[in-house]
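The structure appears below as structure tokens.
Source: prediction; values computed, not measured. The first residue in the sequence is number 1, and the count goes up from there.
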Amino acid sequence: MTPTHFTISSAFLLGMMGLAFHRTHLLSALLCLEAMMLALFIALSLWSLQLDATGCSTVPMPNTLPFSACEASAGLALLVATARTHGTDHMQALNLLQC
């Protein structure tokens with residue numbers, strides 16, 4: 001495994017572990033999701049460059065960047081709505097069984 005692959009894999013796994021184990025605030029969960037999306041974007045970009053496929057080198061741009069931007073905007077909208085209704089962004093204050 002090259003150092004580049006190790007770095008990207010460890011960045012993705014750190015984001016996943018942060019999402020799984022450190023769920024106190026909604027903002028920290030959203031940041032972990034963004035870190036995972038960034039690691040995926042970098043991995044797809046480097047993968048297309050390592051294959052010397054110049055036609056496929058722009059494939060990650062139209063696929064992952066709009067998805068990441070929509071995810072970030074929806075997450076921030078949920079964060080603002082949660083802070084307004086519940087007064088906090090703690091994950092324990094959120095109950096899916098109550099409206």
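In this view, Thr88 and His90, Ala93 satisfy the side chain to side chain contact (heavy atoms under 4.5 Å, CB included) rule, not counting sequence neighbours. Judged as a side chain to side chain donor-acceptor pair (under 3.5 Å), and not counting sequence neighbours, the contacts of Glu34 are Ser68. Considering only residues two or more places apart in sequence or on other chains, Leu26 meets the side chain to side chain contact (heavy atoms under 4.5 Å, CB included) condition with Leu30, Leu79, Thr82, Asp89, Met91.
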Would you mind writing out the side-chain donor-acceptor pairs for residues 7-18 within the sub-3.5 Å range, not counting sequence neighbours?
from	atom 1	to	atom 2	distance (Å)
Thr7	OG1	Pro3	O	2.7
Ser9	OG	His5	O	2.8
Ser10	OG	Phe6	O	2.9
Ser10	OG	Thr7	O	2.9

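Judged as a side chain to side chain donor-acceptor pair (under 3.5 Å), not a single pair has a partner in residues 70-79 (not counting sequence neighbours).
Other members of a hydrophobic cluster containing Val80 are absent, since no ILVMFWY side chain comes under 4.5 Å of it, directly or through relayed contacts.
Between the CG atom in Leu31 and the CG atom in Leu38 there is a gap of 11.5 Å [rounded to 0.5 Å].
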